[in-house]
**Q** 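One structure, pasted below without further comment.
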Amino acid sequence: MTTKIALLALGLIAAGCPNGQPSSDGGSSGSTSTDPGTTGTTGTPPQPDTGDTAPDPDTTQGTSTSSSSGDPDSTGGTTSGNSSSGDPSTSGDSSGEEESSDSSGNMGACPYNEVMGMPDVQLQLVGEGFDRPVLALGHPTEPDRLFVVEQGGDVRILEPGQNMAPAAAFLSVAVLGANNNSIGAEFGLLGFAFHPDFPVDPRVYVNYNPSTGALRTVVSEFTLNPANPDQVDPASERIIVELEQPAGNHNGGMIEFGPDDYLYIGMGDGGGGGDTFETGRNPAVLHAKMLRIGVEPDGNPDNPQACVGCSQLGPFDYTIPADNPFVGVAGFAPEIYAWGLRNPWRFSHDPATGWLYAADVGQNAWEEVSIVGAGTDQGWSDMEGFHCFGGANCDIGAPAGQVNVDGMTMPIAEYNHAGGRCSITGAAVYHSCEVPAWDGIYFYSDFCSGQVFGLIWDGVNVNPLGELFDSNELPLGFGHNAHGDVFITTVDAILGGPIFDGLVYRVAPAP
């Protein structure tokens, strides 16, 4: 089958504007979203989109180290349109001690043989034997060293030349679900980030659900062990912030330092289904928001409120950036960068543009990719994708990426639940020197179907590439490094049986 990525070069993919009413069964109802065709294994997502706190057991598995792309006549269920975007978050160059980088974040010399033209896409196996890997990040100045984040509570370093998860852990935290074979649970170690000046500043950050006490999200700082830079000092933990989780799902969990050196924290809506805790439209609470804070204490007590009725934890001491969009705005928590998100399971900044891509998990019909900007309202729970939700009266006529008449920013792409799809897993924008023609493609996938999609957003228009290949596995997370590579992390077993393997793949050109 011919990769649909080639259609980009031929200019054969037309832009359009999605419309129509939401469909309760996840099918299309007057929408431009269509079935991408071939689907992979199905199962319960790691971030359930039905609002259930206890997904039904299912057992399914599949393995694949390489897959051709889908039928070029298929659109992959993505949508497109013309739009004018707001200012992206301030961009900046990434730099390291050992090698210089360009504006895309690429490290100096290209480590690959350059492939010209538009090759098919494959997944190249990098490592295996991990426990539910949700993230794989390259060391900032040694990009071939991958720090693989396991939902079970460990971060392990996959050294160059290794292909199996090492026994030793770089970092360990005790998390809920550590001894639970169910990968459907949304507890665990969910996020990891290097300090912007790492390794000169030897601090790292994690987002996790601790194994004891009230159900909550904790964002903590650790410092490297001076005697062993391949491990953190477990006694060095400093809690930056913690927030109560009123239910067991929609924890969000992704953290990332932006090009502005502030820490972005993705918070789900607190769980349940249909915005149970009414956080989506409440600007005074931190659930259902993208947060932006400075990690350094400033001496001022911070008292964040997770949701109405949630316990008030703290006070904490972090820094609220003076240019956060809602500082001093009545009714808004000052930590908020953007609001109206349901469950931004994975998000990433594009180092070339500063744009923040968020894959926001839908309720039961529509999954979406959004560009999250300063002060944007992403629509939940009045909207799910390009559609009104729960009887809300909303404007669905605005193009992709534009603000509608209700002040809500439309996503840049969506897909429905046809063909066994259920839950979006975002990835990152490709900037590797290996395939120059792929530069700027944002990759994302569906957990249940295993399909991997692509799109290109230029700030005004979105060019949907549809389904690029079928992983035949369950894409749980993603990763990237300073070479500009994109990684996809998968598992090949789900509820009802043992966890056979957690795998790390690199998006690469097929031979």
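When a residue number appears, it is its place in the shown sequence, counting from 1.
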**Q** How long is the span from the CD atom in E414 to the OG atom in S370, to the nearest 0.5 Å?
**A** 10.0 Å

**Q** When you measure from the centre of the six-membered ring of W339, is the NZ or CZ of R281 under 6.0 Å away and within 45° of the axis?
**A** yes

**Q** If the threshold is 4.0 Å, N to carboxylate O, is there a salt bridge linking E367 and R342?
**A** no

**Q** When you compare the side chain of I424 with that of Y444, does any pair of heavy atoms fall below 4.5 Å?
**A** yes

**Q** For V155 and F192, which heavy atoms make the closest approach, and how far apart are they?
**A** CG2-CD1, 4.1 Å

**Q** List the steps, then state whether ring-ring contact (aromatic ring centres under 6.0 Å, His included) holds for F389 with W380.
**A** CA-CA 8 Å; F389 179 83; W380 179 255; 4.7 Å; yes

**Q** Please determine whether the number of non-hydrogen atoms from other residues, nucleotides or ligands lying under 6.0 Å from atom CD of E278 exceeds 12.
**A** no

**Q** Strictly distance-based, threshold 3.5 Å: is any side-chain N or O of Q305 a donor or acceptor partner for the main-chain N or O of C310?
**A** yes

**Q** A side-chain contact here means heavy atoms from C-beta on lying under 4.5 Å apart; do F198 and V200 qualify?
**A** no

**Q** Work out which heavy atom in P399 is nearest to a heavy atom in F386; give both atom names and the distance.
**A** C-CE2, 4.5 Å

**Q** Quick check: are there more than 12 heavy atoms from other residues, nucleotides or ligands sitting under 6.0 Å from CG of N393?
**A** no

**Q** Using a strict cut-off of less than 4.0 Å between a Lys/Arg side-chain nitrogen and an Asp/Glu carboxylate oxygen, indicate whether D260 and R292 qualify as a salt bridge.
**A** yes

**Q** Assess whether side chain to side chain donor-acceptor pair (under 3.5 Å) is satisfied between Y415 and D446, documenting all intermediate values.
**A** CA-CA 10 Å; Y415 66 84; D446 185 81; 2.5 Å; yes

**Q** May I ask you to check whether H349 and Y264 place their ring centers less than 6.0 Å from one another?
**A** yes

**Q** Does a donor on one side chain sit under 3.5 Å from an acceptor on the other, for T223 and D233?
**A** no

**Q** Measure the CZ-OG1 distance between F478 and T490 for me, rounded to the nearest 0.5 Å.
**A** 15.0 Å

**Q** How are the rings of F326 and F332 set to each other: parallel, tilted or perpendicular (split at 30° and 60°)?
**A** parallel

**Q** Measure the spacing between CD1 of I396 and CE of M383 and express it to the nearest 0.5 Å.
**A** 7.0 Å

**Q** Within a strict 4.5 Å, meaning less than it, do heavy atoms of the D154 and L189 side chains meet?
**A** no

**Q** Using atom types as modelled and distance alone, determine if a side-chain donor or acceptor of T353 lies under 3.5 Å from a backbone N or O of W355.
**A** yes

**Q** Could you tell me whether the side chain of P133 reaches within less than 4.5 Å of the side chain of V491, counting heavy atoms only?
**A** yes

**Q** Any idea which heavy atoms bring A427 and Y442 closest together, and the distance?
**A** N-OH, 3.5 Å

**Q** Quick one: do R216 and E242 make a salt bridge, cutoff under 4.0 Å?
**A** yes

**Q** Aromatic ring centroids of H480 and Y430 under 6.0 Å?
**A** no

**Q** Is there a donor-acceptor pair under 3.5 Å between the side chain of D406 and the backbone N or O of M408?
**A** no

**Q** For V429 and S348: C-alpha separation, side-chain torsions, deciding distance, then whether side-chain contact (heavy atoms from CB on, under 4.5 Å) applies.
**A** CA-CA 8 Å; V429 177; S348 61; 5.7 Å; no

**Q** Using atom types as modelled and distance alone, determine if a side-chain donor or acceptor of N343 lies under 3.5 Å from a backbone N or O of G252.
**A** yes

**Q** Kindly say whether P334 contributes a backbone atom to a donor-acceptor pair with the side chain of N324 at under 3.5 angstrom?
**A** yes

**Q** To the nearest 0.5 Å, tell me how far I320 CD1 sits from Y262 OH.
**A** 11.0 Å

**Q** Return the CG to CG distance between N481 and L137, rounded to the nearest 0.5 Å.
**A** 9.0 Å

**Q** Got a donor-acceptor contact below 3.5 angstrom from the E221 side chain to the R238 backbone?
**A** no

**Q** Within the side chain of T489, is there an N or O that forms a donor-acceptor pair under 3.5 Å with the backbone of G477?
**A** yes

**Q** Answer yes or no: is there a donor N or O on one side and an acceptor on the other, between the side chain of N225 and the main chain of V232, under 3.5 Å?
**A** no

**Q** Salt bridge or not between E150 and R132? Use side-chain N to carboxylate O under 4.0 Å.
**A** no

**Q** Which pair of heavy atoms, one from A365 and one from E384, lies closest together, and at what distance?
**A** N-OE2, 3.2 Å

**Q** Distance alone, cut at 3.5 Å: any donor-acceptor contact between the side chains of N282 and T279?
**A** no

**Q** Mind listing the closest non-hydrogen atom pair of D360 and L341 along with its distance?
**A** OD2-CA, 3.5 Å

**Q** Would you say the side-chain atoms of H250 and Q245 include a donor-acceptor pair closer than 3.5 Å?
**A** no

**Q** Are the side chains of L135 and M254 in contact, using a 4.5 Å heavy-atom criterion?
**A** yes

**Q** Under 6.0 Å between ring centres: does that hold for F347 and Y357?
**A** no

**Q** Does any donor atom in the side chain of H287 or D269 lie under 3.5 Å from an acceptor atom in the other side chain?
**A** no

**Q** Considering only heavy atoms from C-beta outward, does the side chain of F453 approach that of F443 to under 4.5 Å?
**A** no

**Q** Output, in order, the C-alpha distance, side-chain angles, deciding distance and verdict of side-chain contact (heavy atoms from CB on, under 4.5 Å) for N463 and L455.
**A** CA-CA 6 Å; N463 194 340; L455 61 80; over 6 Å; no

**Q** Are any of the side-chain heavy atoms of I293 and I265 separated by less than 4.5 Å?
**A** yes

**Q** Find out whether V149 and F170 are in side-chain contact, i.e. whether some heavy atom of one side chain is under 4.5 Å from a heavy atom of the other.
**A** no

**Q** Run through V507, V486, D485 and flag the one making a side-chain contact (heavy atoms from CB on, under 4.5 Å) with S432.
**A** D485

**Q** We want to know whether T409 and Q378 form a side-chain donor-acceptor pair, criterion being a heavy-atom distance below 3.5 angstrom.
**A** no

**Q** Which heavy atom of N303 sits nearest a heavy atom of Q312, and at what distance?
**A** O-NE2, 2.9 Å

**Q** Is it true that a side-chain atom of N209 and a backbone atom of L176 form a donor plus acceptor pair closer than 3.5 Å?
**A** no

**Q** Is it true that the side chains of E296 and T319 contain a donor and an acceptor less than 3.5 Å apart?
**A** no

**Q** Step by step, work out the side-chain contact (heavy atoms from CB on, under 4.5 Å) result for L476 and Q151.
**A** CA-CA 10 Å; L476 184 61; Q151 193 173 351; 4.0 Å; yes

**Q** So, S220 side chain and V206 main chain: donor-acceptor pair closer than 3.5 Å or not?
**A** no

**Q** Under the criterion ring-ring contact (aromatic ring centres under 6.0 Å, His included), which of F257, F194, Y318, F222 is the partner of Y205?
**A** F257

**Q** Check the pair D261, H195 against side chain to side chain donor-acceptor pair (under 3.5 Å), reporting the backbone distance first and the verdict last.
**A** CA-CA 8 Å; D261 290 350; H195 188 278; over 6 Å; no

**Q** Let's go through T217 and N207 carefully: what are the C-alpha distance in whole Å and the side-chain angles of both, what is the deciding distance for side-chain contact (heavy atoms from CB on, under 4.5 Å) to 0.1 Å, and is it a yes or a no?
**A** CA-CA 7 Å; T217 284; N207 183 319; 3.3 Å; yes

**Q** Working to the nearest 0.5 Å, report the span between CG of L190 and CG of N251.
**A** 6.0 Å

